[in-house]
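In each ligand, atom 1 is the first atom listed, and ligand 1 is the first ligand listed. Along the sequence shown, residues carry numbers from 1.
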Amino acid sequence: MARVRILHTNPALGPLDYRVPHGMTVAPGQVVRVPLGPRDMVGVVWEEAALPTETVGDNRLRNILEVYDLPPLGAPLRRLIEWTADYYLAPAQSVLRMALSSAAALEGGRTVTEYRLSGKMLDRMTPQRAQAVDRIGPRQGLIRELADMADVSEGVIRGLVKAGVIEGIEVALDTPVIAPDPGFAPPHLSDVQRAVADDLVGLVRAAEFAPVLLDGVTGSGKTEVYFEAVAEALRAGRQTLVLLPEIALTEPFLRRFIDRFGHAPIAWHSDLRQSQRRRAYRAIATGEALVTVGARSALYLPYRNLGLIIVDEAHETSFKQEDGVQYHARDAAVMRGHFEQIPVILATATPAIETRQQVAQGRYRELKLPGRYGAADLPKIDAINLVQTPPDRGRWLAPPLVQAMAATLGRGEQALLFLNRRGFAPLTLCRHCGHRFQCPNCTAWMVEHRLTNRLQCHHCGHVEPPPRACPECATEDALVACGPGVERISDEVGLLFPEARRAIVTSDTLWSPAKAAEFVGRMEAGDIDIVIGTQLVTKGYHFPNLTLVGVVDADLGLQGGDLRAAERSFQQIMQVAGRAGRGAKPGHVYLQTHEPDAPVMQALLSGDVDSFYAAETAARRMANAPPFGRFAGIIISSQSLRDAEDTARRIGASAPTVDGMEVYGPAPAPLAMLRGRHRQRLLVHARRALDVQDVLRDWLGALDWPKSVRVSVDIDPYSFV
Ligand code: ADP
Ligand code: ZN
């Protein structure tokens, strides 16, 4: 009798065995419907050896109900799911769920019947029938739609169907995906670009695992160059996946792609309607979609015939998922490339130290584009010392920056002010009693948003209307905003340059691809003079008339100081600086800072990137920090403070003694409360070669805790709050 092991998408269920009924054949990777208790569930057929489970007697097995009409998840994807579960200590069921992210797509190739003229004519027709034939012409549609077109009753159309004059045809609900054309508009590459593009094309042709760092300064044409690798994959009929860090980036990317290849790629992100998601998923699974561009979740889709993965802006920490399965899409992309035996291109102007180290050790190849394309030069970067030339009281823009803005506007060019803070002010307090507005669910201040007239918690989304009176001392109109957010900077710009047209760009204003497209359109049309934005504007955009970038608070990223603070600060400012002077006109960047002598500022001002990275890397090596050592965070949370503390203490007390591993904590997390749950943290620090996952599995596997307590493990953490 045939029995197979099934992996479900519910982490509460272990792998289960089912019987294959007579007449059904199944293979690993196939998506099936199986009974579970009184209900049906979706699962995937898996190799037995990979999923040990308690054996159940044959006589107790239930039948598989249905095999879905979808190509099986390929072996490389199944290995990636297992690797992700193992490496990040996540249930394989939860990882599988990421691969089955469109329930609608399981429902097979759905079609509808439409009708059109068959070409057959009758010798004699009633005037109504003749009118119908005449008016329908080359069009097709449902019976109802044809009746409307012809202005006759549905009965007349049905009569024509019976007579054979109109015929039915099956039309796929999933409209076909048109393949991008590799020869549509190839660019004339510079010699340097051509050499790098040829290397990449060679890797696609070789069809072997090859991780590559494409390291090119902002505006060097990285996209243009990796498009040549995409073109090669297209010519070979193989699929490409391009991962982007941010949904807002997809729209400009899609437009460039269409310019180059004539047709849009499939886009995959959380903003898709169900029908779009279904179509994209099926086209990806059947291999029809040759190019997919998506957010990190696109990595786990069941590509049938993947030939190339590109991770654009590969330094971005938003590739790390912070809830559910806490994986890093950049690292998982390299693993997928390994299992698929294909090249993986990490493109960035500011590679992460982790990636640089892979290059240094010879595991990744590095290809460089050292200069900007064409006439564009890298922008000049200057510091504005806020101690020497401070802004006026209650203002945030120092006189030298204001002058530079005036000059830029005078030349009819565009300016960008960068401040990584949404809203009007990060903190609101009562002038009379000093009361501060805190989120009831989180250890965080409520942030004032004047555009929407409310106070908002940026952690849990809790909102309140701004009260007229202080809730503590009841004094009216005594609330003061402390510190700037982008909205406040925008107000200041409005006072300084009343004529200038401003745009605020944050996740509050650019929350969909359509909104992003609208912003790009207005920038390109010259309908915006000054952009005030958060990190959302630091990436990907190319506006040739944008020549001035002002970093309102260059010291901001250094506060709070986790191990990557200096590196991240450097990357962020380099990226935003990279928006300036991308066309023929030269760009100028001003950094407002209290510490112009800090190493990060010096690296940015002098352009001596290598020394900065060398110093950072040496410091990491000294501290045994990643990539030289490893961290794992253990976060214990519960609505009950006591349960959280008790569990954390028990986990801490049972920490094993392992050579080369240290455990810090437990201690209350910096974000001691989040969404109403109390949080405790432990931090595991280990040498590189130690199998921390194995240690953690044994350690945590031997313990249990109350149902109300959640224990999550964060391998290679990027967040320490
Ligand atoms: P990066 O991704 O490295 O920041 P881009 O690929 O966005 O750089 O290129 C910057 C700008 O230069 C884009 O407008 C791009 O179209 C243009 N560009 C780069 N290389 C070429 C080329 N060979 N021919 C024409 N335009 C190019
Ligand atoms: Zn909150």
**Asked** Among protein heavy atoms, which sits nearest to atom 12 (O) of ligand 1, and what does the distance come to when rounded to 0.1 Å?
**Response** Tyr373 CD2, 4.0 Å
**Cation-pi, Tyr541 ring and Arg579 (6.0 angstrom, 45 degrees)** = no
**Prompt:** Does His458 put an N, O or S atom under 2.8 Å from the Zn ion (ligand 2)?
**Reply:** no
**Message:** Under 4.0 Å from a heavy atom of Val217: which atoms of ligand 1 are those, numbered in the order shown and with their elements?
**Reply:** 3 (O)
**Gln639 atom CD, over 12 foreign heavy atoms within 6.0 Å** = no
**Prompt:** Can Asp553 and Arg421 be counted as an ion pair, charged N to O under 4.0 angstrom?
**Reply:** no
**Other residues, nucleotides, ligands: >12 heavy atoms within 6.0 Å of Arg642 CZ** = no
**Request:** Name the orientation class of the two ring planes belonging to Tyr613 and Phe570 (parallel below 30°, tilted from 30 to 60°, perpendicular beyond 60°).
**Result:** perpendicular
**Asked** Based purely on interatomic distance, does Gly216 place a nitrogen or oxygen under 3.5 Å from a nitrogen or oxygen of ligand 1?
**Response** no
**Asked** Among protein heavy atoms, which lies nearest atom 20 (N) of ligand 1, and at what distance?
**Response** Gln193 NE2, 2.9 Å
**Prompt:** Are Phe261 and His263 an aromatic pair by the rule of ring centers under 6.0 Å?
**Reply:** no
**Request:** Please write down residue, atom name and distance for the protein heavy atom closest to atom 4 (O) of ligand 1.
**Result:** Gly219 N, 2.7 Å
**Message:** Thr218 versus ligand 1: do any nitrogen or oxygen atoms come within less than 3.5 Å of each other?
**Reply:** no
**Complete:** The closest protein heavy-atom partner of atom 2 (O) of ligand 1 is Thr223 OG1, 3.1 Å
**Prompt:** So which protein heavy atom does atom 16 (O) of ligand 1 come closest to, and at what separation?
**Reply:** Glu224 OE1, 2.9 Å
**Request:** Would you mind running through ligand 1 and noting each atom that sits below 4.0 Å from a heavy atom of His188?
**Result:** 22 (C), 23 (N), 24 (N)
**Request:** Starting from atom 7 (O) of ligand 1, find the nearest protein heavy-atom neighbour and note its residue, name and distance.
**Result:** Arg256 NH1, 2.6 Å
**Request:** Assess the pair Phe227 and Phe184: is the distance between their ring centroids shorter than 6.0 Å?
**Result:** no
**Item:** Ring center gap for Phe519 and Phe543 short of 6.0 angstrom
**Value:** yes
**Prompt:** What residue and atom, counting heavy atoms only, is the protein's closest point to atom 3 (O) of ligand 1, and at what distance?
**Reply:** Lys222 NZ, 2.8 Å
**Request:** Give the atoms of ligand 1, by number and element, whose distance to some non-hydrogen atom of Gly221 is under 4.0 Å.
**Result:** 1 (P), 3 (O), 5 (P), 6 (O), 8 (O), 9 (O), 19 (C)
**Complete:** If you scan protein heavy atoms around atom 14 (O) of ligand 1, the nearest is His542 NE2, 2.9 Å
**Heteroatom N/O/S of Cys457 within less than 2.8 Å of the Zn ion (ligand 2)** = yes
**Prompt:** NZ of Lys320: more than 12 outside heavy atoms within 6.0 angstrom?
**Reply:** yes
**Request:** Return yes when Arg372 approaches ligand 1 closer than 4.0 angstrom through a heavy atom, no otherwise.
**Result:** no
**Asked** Are side-chain N/O atoms of Ser638 and Arg679 paired as donor and acceptor at under 3.5 Å?
**Response** no
**Asked** Counting each atom of ligand 1 from 1 as listed, which ones have a heavy atom of Leu189 under 4.0 Å away?
**Response** 23 (N)
**Message:** Would Arg296 and Phe319 count as a cation-pi pair here, with the cationic atom under 6.0 angstrom from the ring centre and within 45° of the axis?
**Reply:** no
**Prompt:** Any N/O/S atom, backbone or side chain, of Cys439 lying under 2.8 Å from the Zn ion (ligand 2)?
**Reply:** yes
